[in-house]
Amino acid sequence: MQSIVCSANSTSLAYPMLHEVQLDIQYSPTVEIHVTRIPSKRKLVLICNPNGNPTNYTFGDWEHWSEFKEHIRNLKGTSDGTLTLLRSNNNKGLHKTDGIYKCVVSNGIYGTNGNFYQKGTTLVYNKVPPIFVNANKPIQIGCYGQKLNLTVLLYNKYGTMETTISNPNKPLYTDIYQQMIQTQDIFHDVNVTVSGVKITFQLTLNKAEDFTDYTIKACNEIGCNKLTVEITSENRPETPTNVSVIPFEKHIAVSWCPGYNGGFPQTFFVEYKAEDEEVWIRSGPVTGNFEIRMSEIMYDIIPNTRYYVRVLSKNKIGESNTTTVITLGLSNNKYDVEAILLVLLVDIAVVLVKAVWEVVLVVLLVVIAITVWTASFHLRRKANNASDIDNPSEEEVRENFQMEPVDNQLYLSSDDPDLAPAQNVRNQSVPNTRLTSSTSQDNQTNQMQLHNHNEANGGRSCTYIKRGVVPSVHNRQEPRKIHELNYSDITFNDAPTMRGAVIHGNVDRTIYSEINLMAAPVAPLSSSESECDESDENDILFMHM
């Protein structure tokens, strides 16, 4: 608002003539948009702030545009120029609210641009996980035995993005390439252009199992999203294999194993012709249902004629190569027994190969069970042996050790003056005794010659009555110590009583011995024959008279 004064002056006027008016300068508004986010209420609020003269504003519909200036939709705001965008409970579809928003307002004054309504703009982006855009191809084509670049397109406006790929069996580790591009997506039913990221995974399709579903996972600081892509093939089918032909009198039976179907359902044909014919005869289609082995019979066969046979496959892309031609002759009298056996063996082998994995699994489980049981049994047995080692039974001795009969080798020490002084058993290093076994089978008699250090004869006789032969025990690899006293029954004939006599021996002895103390002396044992380990009390037999 401005005050304008018009004045006129004349000599005839005492005072100038003045006229004042108020000039109201009106102009169209300039518009700003203020954006407010209210996370607690999951709201995005856009407030339109116009500035013009006059200040009575009329607001039109808000406009939503893509970042590449493609119109998406119009939105109704409030009369005071506020637009509220509500977010759903999840982030799905939230990215579709991204873009340019325009506030439309007028105060009744045309602008210098000639427009009645003036507009203000703002760019809005939401913090959401990476989005797989609508332009992605859920089915991609690969070639058997070749490499494939599996590509996915993502929309990501927040933070750094990481991607991984896996098939139904395991995660894959392959080369990954990333490129910034412009791509297409659907925002509120409108196909618009967006800034995107192209991710390329390099795969090698060497097996039929490689033509399957692949899951791509993309994550940023907000979260993750996934996309499943199916890899199929647009190849011709592979050539059938393992073709066998069985000739009969008036027909032939052909069997084969299917090859890879090229990614589409396939059918099979048997082609055959007589030797003198030029045109191949093709059988009706044989539909494959994923059998391991397939077969077909041709009945219009002329006997005693040589035939050529081959097999091929076909899908919607094309035909496979034919198999190697098989030549066969037909006879009125007999079948080709070798060919029949060959086909039967091949069929059996195919069935066995299919079943062998089940058998291997069962055998493996049985072996594991037996191994665990055996280990547990030995641990229990070892614990029992440890607890019983101080008192082994005769049955345990017979079971765990090799049983051999041996000569009794017993040694006597005594303080009897008639037998000459004897050293204490713990200090006696070379006992000069020898026990001779008799040849009796029922009543074994053993004689023992006793010598003192002065070579005086102090012979006494005693008789041993055999109570039962218990062979001495040897363990050739690891001798076993038996921690117990063993006693022998000794009967003396008319001879002076021997005081404090002790019979010494090692573990290799029978339980009972017949001893003749009155027998004639014999040569003493050599040190190598009679030497024993004095340091171990468990190797000594004590016999009390």
Open item on the list: Can you give me the closest heavy-atom contact between Leu328 and Pro247, atom names plus distance?
Closed with: CD1-CB, 3.4 Å
TODO: Scan side-chain atoms only and decide if Asn113 and Gln118 contain a donor-acceptor pair under the 3.5 Å cut-off.
DONE: yes
Open item on the list: I'd like to know whether the aromatic ring centres of Phe211 and Tyr260 sit less than 6.0 Å apart in this structure.
Closed with: yes
Open item on the list: If we check side chain to side chain contact (heavy atoms under 4.5 Å, CB included) with Tyr101, which of these qualifies: Leu83, Thr121, Leu44, Val35?
Closed with: Leu83
TODO: Name all residues meeting the disulfide (SG to SG under 2.5 Å) criterion together with Cys224; count only those two or more places apart in sequence or in a different chain, and write none if there are none.
DONE: Cys219
Open item on the list: Would you call the rings of His188 and His64 parallel, tilted or perpendicular, taking 30° and 60° as the class edges?
Closed with: perpendicular
- [ ] Please name the pair of heavy atoms, one in Gln266 and one in Gly259, separated by the smallest distance, quoted to 0.1 Å.
- [x] NE2-O, 3.1 Å
Task: Minimum-distance pair of heavy atoms, taken over all atoms of Lys314 and Phe269 - done: CB-CE1, 4.0 Å
Task: Check: Leu153 main-chain N/O paired with Asn136 side-chain donor or acceptor under 3.5 Å - done: yes
TODO: State, without any angle test, whether Asn134 and Asn191 hold a side-chain donor-acceptor pair at a distance under 3.5 Å.
DONE: no
- [ ] Give the minimum heavy-atom separation between Ile33 and Gly120, together with the two atoms involved.
- [x] CD1-O, 3.1 Å
Open item on the list: Is there a side chain to side chain donor-acceptor pair (under 3.5 Å) between Gln184 and Thr193? Walk through the geometry before answering.
Closed with: CA-CA 5 Å; Gln184 302 296 121; Thr193 303; 3.0 Å; yes
Open item on the list: Measuring from atom NE2 of His95 to atom CD1 of Ile131, what distance do you get when rounded to the nearest 0.5 angstrom?
Closed with: 5.0 Å
Task: From CA spacing to verdict: side chain to side chain donor-acceptor pair (under 3.5 Å), Glu20, Ser3 - done: CA-CA 7 Å; Glu20 181 180 357; Ser3 175; 2.4 Å; yes
Task: Side-chain donor-acceptor contact under 3.5 Å, Asp80 with Thr78 - done: yes
TODO: Can you run down the side-chain hydrogen bond (donor to acceptor under 3.5 Å, both in side chains) pairs that involve residues 277-286, sequence neighbours left out, and say none if there aren't any?
DONE: Glu271-Arg282, Arg282-Glu319
Open item on the list: Is it the case that the side chains of Tyr177 and Asn149 hold a donor-acceptor pair, with the cut-off being a distance below 3.5 Å and no angle test?
Closed with: no
